[in-house]
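Data block below; observations after.
Naming: A, B, ... by sequence-line order, numbering from 1 per chain.
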Amino acid sequence: MADIVSVAEARRADSVGREVVVQGWVRTRRDSKAGFSFIEVNDGSCFGNIQIIAEAALPNYESEIKRLSPGCCVGVTGLVKASPGKGQATEIQAAVVVVHGLADVKTYPLQKKGHSFEFLRTIAHLRPRTNTFGAVARVRNRACNSIHQFFQERGFLYVHTPIITASDCEGAGAMFQVTALDLAADKERGTKGEKGEKGVKGAGIDFSKDFFNRPAYLTVSGQLEAETFACALSKTYTFGPTFRAENSNTPRHLAEFWMVEPEAAFFDLQDDMELAEGLLKRIFRDVLQECPEDMQFFNQRIDKTVIETLEHIVESEFLRVSYSDAIDILRKSGQRFEFPTAWGNDLQVEHERFLTETHFRRPVILYDYPREIKPFYMRVNDDGRTVRAMDVLVPKVGEIVGGSQREERLDLLERRMREQGLDPESYWWYLDLRRFGTVPHSGFGLGLERAIQFVTGMSNIRDVIPFPRTPGNAEF
RNA sequence: UCCCCGAUAGCUCAAUUGGUAGAGCGAGCGGCUGUUAACCGCUAGGUCCAAGGUUCGAGUCCUUGUCGGGGAGCCA
């Protein structure tokens with residue numbers, strides 16, 4: 001009886017001699033006048049295809065097999081043999097070829113040739129069938145697995161923070177509002193009655209009658225909620241989707257993206273940096289080891305330096321440079337920058353690129369930023385002018401991790417909130433963590449897609465998430 | 001949101017100073033072949049993004065819009 005096996009398994013040399021069934025989608029078919037056809041089948045289990053030898057003697061050879069084209073779905077029963085040709089260790093001599101579904105070659109959008117990523121984005125439902133997007137999917141899966149393993153092995157608890165949140169002031173950018181109200185109907189009412197309020201946000205809408213009796217939003221970060229669990233269970237992390245309604249149109253931004261956010265009690269900024277460095281190295285090492293074929297592909301077709309870069313990073317220490325030292329380096333560099341490099345200004349992309357790509361040529365962790373340019377929850381240093389923030393910057397992608405030691409002192413935290421125009425009242429539960437058994441703690445956020453971009457060398461973030469959400473784009 | 005660039009065959013792209021639309025790949029047919037981004041020959045295939053405008057004449061110049069790319073801001 002034939003075993004149902006993956007293409008990955010059938011490709012292994014030790015499968016020679018086995019009677020197997022493989023199932024997948026046709027990539028190409030080449031006919032030989034010697035009386036048979038080569039069919040390449042891929043099922044996503046690995047980068048490579050399995051080559052099927054289909055003899056003309058098969059009963060459905062003329063009726064079906066010779067009509068097979070890219071995109072058709074087949075199941076093949078046959079004997080795995082050592083392949084005499086170049087390019088593959090094994091092939092399958094087909095005894096039975098079942099055609100599950102044909103794909104009309106005139107209308108099927110994917111061809112044997114390479115397509116531009118811009119075009120593939122317009123057929124996001126079919127692009128997983130391409131080499132590149134299959135490889136991205138496998139690498140992304142591997143990275144997610146590594147993230148969980150990394151934290152689980154270190155005793156971090158996976159906490160599910162809410163997707164819908166009522167706190168509209170997490171300070172990480174514009175939010176998507178969530179409502180169960182019929183906004184179209186409410187808008188009509190509003191414009192009929194009070195003409196003056198047209199155009200005002202929420203005009204004519206009474207959110208106290210909404211589902212949550214208040215305005216609600218999609219989360220921009222699980223950090224504040226994760227802190228509540230860190231202040232009880234010590235080491236925690238969240239890993240889930242986050243949403244930003246910013247009108248960002250860049251190859252590094254998405255409206256919906258996945259973020260890893262560890263939050264750990266008794267961790268200071270040093271511990272936080274070590275944790276971030278360890279996590280990134282773990283992801284890189286695992287992907288290199290576990291996805292060699294996919295990485296080889298990225299190295300050949302996408303970015304000829306990715307493997308070398310990742311190997312180098314895994315072996316070397318991330319540099320740690322204070323914000324103040326970074327400003328000194330930039331000022332003394334002799335480089336001309338569009339934006340001034342004065343102490344107190346936030347670093348611009350050009351500055352980050354100079355540091356990671358020209359000056360240090362590797363990942364850098366910057367820390368101790370000016371308090372004015374960082375959010376309220378970051379712990380103020382003894383100098384009073386900096387906070388314990390840290391950003392991990394990598395070449396090309398830029399900021400991949402942003403984190404900090406959190407302010408655990410109630411009075412200072414409240415003062416910082418008022419400084420930034422926030423009302424401590426609305427953060428009563430967050431402040432309770434400092435009121436009752438406060439603890440030094442730290443955490444960071446890792447943008448999953450940016451990490452995948454860095455690992456694969458893919459230049460546009462829209463091509464490392466299955467279904468990208470960006471301004472004006474949610475077709476699939 | 002701002003700046004720059006682009007949109008022509010199914011895909012990737014050409015088209016001179018404004019003068020009747022081209023190639024490669026893909027597709028169809030034929031040839032050849034243990035092939036592997038196969039190869040060789042022939043054939044078909046176009047609302048030149050949309051709407052206005054300038055002109056005897058617009059793929060080409062102008063305006064507006066839509067979509068895409070690059071850069072910037074916001075950030076992860």
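Nearest to the side-chain atoms of A/P84 among the listed nucleotides B/G70, B/G34, B/G73 stands B/G34. Side-chain atoms of A/N460 lie closest to B/G69 of the nucleotides B/G69, B/C74, B/G34. Residue A/H253 has its side chain nearest to B/C74 when only B/C74, B/G70, B/U12 are considered. Here the nucleotide nearest the side chain of A/R121, chosen from B/A38, B/G68, B/C75, is B/G68. Considering only side-chain atoms of A/F38, the nucleotide from B/G69, B/U36, B/U35 that sits closest is B/U35. Closest approach to the A/S83 side chain among B/U1, B/G71, B/U35 is made by B/U35 (side chain taken as heavy atoms from C-beta onward).
Aromatic ring centres of A/H148 and A/F239 lie closer together than 6.0 Å. Taking the six-membered ring for Trp, A/Y377 and A/Y430 have ring centres at least 6.0 Å apart. Between A/Y158 and A/Y237, a ring centre-to-centre spacing shorter than 6.0 Å is recorded. Not less than 6.0 angstrom separates the ring centroid of A/Y217 from the ring centroid of A/F243.
With A/F467 as the aromatic partner, A/R469 does not meet the cation-pi criteria of under 6.0 angstrom to the ring centre and within 45 degrees of the ring axis.
The gap from the P atom of B/A50 to that of B/C67 amounts to 15 Å, rounded to the nearest Å. Comparing B/A15 with B/G52, their P atoms are spaced 28 Å from each other, to the whole Å. For B/G30 and B/G34, the C1' atoms lie 22 Å apart once the distance is rounded to whole Å. The P atoms of B/G28 and B/U66 are separated by 40 Å, rounded to the nearest whole Å. Nucleotides B/C49 and B/A14 have their P atoms positioned 13 Å apart, rounded to a whole Å. Annotation: B/G57 and B/C4 have their C1' atoms spaced 32 Å apart (nearest Å). The gap from the C1' atom of B/A38 to that of B/G26 amounts to 15 Å, rounded to the nearest Å. B/C32 and B/G70: their P atoms are spaced 47 Å apart (whole Å).
Between A/F36 and A/P251, the residue anchored closer to the 5' end of RNA chain B is A/F36, taking for each the nucleotide with the nearest heavy atom. Each of A/N473 and A/E449 lies near RNA chain B, and the nucleotide nearest A/N473 is the one positioned closer to the 5' end.
Residue side chain A/F257 meets the stacking definition with respect to B/A76: its ring centre sits within less than 5.5 angstrom of the base's six-membered ring centre, and the planes differ by less than 30 degrees.
Contact annotation for A/E338: no contact, since no heavy-atom pair falls under 4.0 Å across all strands. Residue contacts for A/Q88: at a heavy-atom cut-off of 4.0 Å it reaches a base atom on one of the strands shown. A/D31 comes within 4.0 angstrom of a base, heavy atoms only. Note on A/P109: nothing from the nucleic acid sits closer than 4.0 angstrom, heavy atoms only. Within 4.0 Å (heavy atoms only), A/Q51 reaches at least one base atom of the nucleic acid. Contacts of A/T242 with the nucleic acid, taken as non-hydrogen atoms under 4.0 Å apart, are absent. Using a 4.0 Å heavy-atom criterion, one finds that A/L254 contacts the bases of the nucleic acid, with or without backbone contacts as well. Across all strands, A/Y108 comes closer than 4.0 Å to no nucleic acid atom at all (heavy-atom distances). Within 4.0 Å of A/S248, counting heavy atoms only, lies at least one base atom of the nucleic acid. Contacts of A/F119 with the nucleic acid, taken as non-hydrogen atoms under 4.0 Å apart, involve only primed sugar atoms and P, OP1 or OP2. Within the nucleic acid shown, A/S37 has no heavy atom closer than 4.0 Å to any nucleic acid atom. Using a 4.0 Å heavy-atom criterion, one finds that A/R301 contacts no nucleic acid atom at all. Residue contacts for A/I400: at a heavy-atom cut-off of 4.0 Å it reaches the sugar-phosphate backbone alone, with no base atom in range.
Between B/G34 and A/S32, a contact under 4.0 Å exists linking OP1 or OP2 to a side-chain N or O. The side chain of A/K33 places no N or O atom within less than 4.0 Å of a non-bridging phosphate oxygen (OP1 or OP2) of B/G34. Side-chain nitrogen and oxygen atoms of A/R30 include at least one within less than 4.0 Å of the OP1 or OP2 phosphate oxygen of B/A38.
Distance, A/N249 CG to B/A72 P: 13 Å, rounded to whole Å. Rounded to an integer number of Å, the gap from A/K106 NZ to B/G26 P is 16 Å. At whole-Å resolution of the value, CD in A/E118 and C1' in B/C13 are 13 Å apart. Look at NZ on A/K81: it is 15 Å from P on B/G34, rounded to the nearest Å. Atom NZ in A/K66 sits roughly 12 Å away from atom C1' in B/G30 (whole-Å rounding). The distance between atom CD of A/Q453 and atom C1' of B/A76, rounded to the nearest whole Å, is 10 Å. Here the P atom of nucleotide B/G70 and the CZ atom of A/R252 are 10 Å apart, to the nearest Å. In this structure, CD of A/E263 is placed 14 Å from P of B/A76, rounded to the nearest angstrom.
Between the side chains of A/R142 and A/S146, a donor-acceptor pair is found at a separation under 3.5 Å. A/E55 and A/Q93 are linked by a side-chain donor-acceptor pair at a separation below 3.5 angstrom, with hydrogens and angles left out of the test. A donor-acceptor pair shorter than 3.5 Å cannot be found between the side chains of A/Q453 and A/R252.
The base of B/G10 sits with one of its N or O atoms less than 3.5 Å from a complementary donor or acceptor on the side chain of A/Q111. Under 3.5 Å, the side chain of A/H115 and the base of B/C11 form no donor-acceptor pair of N or O atoms.
Here B/C56 sits opposite B/G19 as a Watson-Crick or G-U wobble pair (both hydrogen-bonding atom distances under 3.5 Å). Under the Watson-Crick and G-U wobble criteria, each requiring two contacts below 3.5 Å, nucleotide B/U36 is left unpaired. The partner of B/G46, taking Watson-Crick or G-U wobble pairs whose two distances both stay under 3.5 Å, does not exist in any strand shown. When Watson-Crick and G-U wobble pairs are counted only if both distances are under 3.5 Å, B/A76 pairs with no nucleotide at all. If you check B/U63 for Watson-Crick or wobble pairing at under 3.5 angstrom, you find it paired to B/A51. B/G41 is paired with B/C29 under the criterion used here, namely a Watson-Crick or G-U wobble arrangement in which both key atom distances are under 3.5 Å. Of the nucleotides present, B/C5 is the one that pairs with B/G68 by Watson-Crick or G-U wobble criteria, both distances under 3.5 Å.
The two residues A/A135 and A/F47 have their closest heavy-atom pair at CB-CD1, 4.3 Å.
Remark: A/F150 CZ is packed, more than 12 non-hydrogen atoms of other residues, nucleotides or ligands lying under 6.0 Å away.
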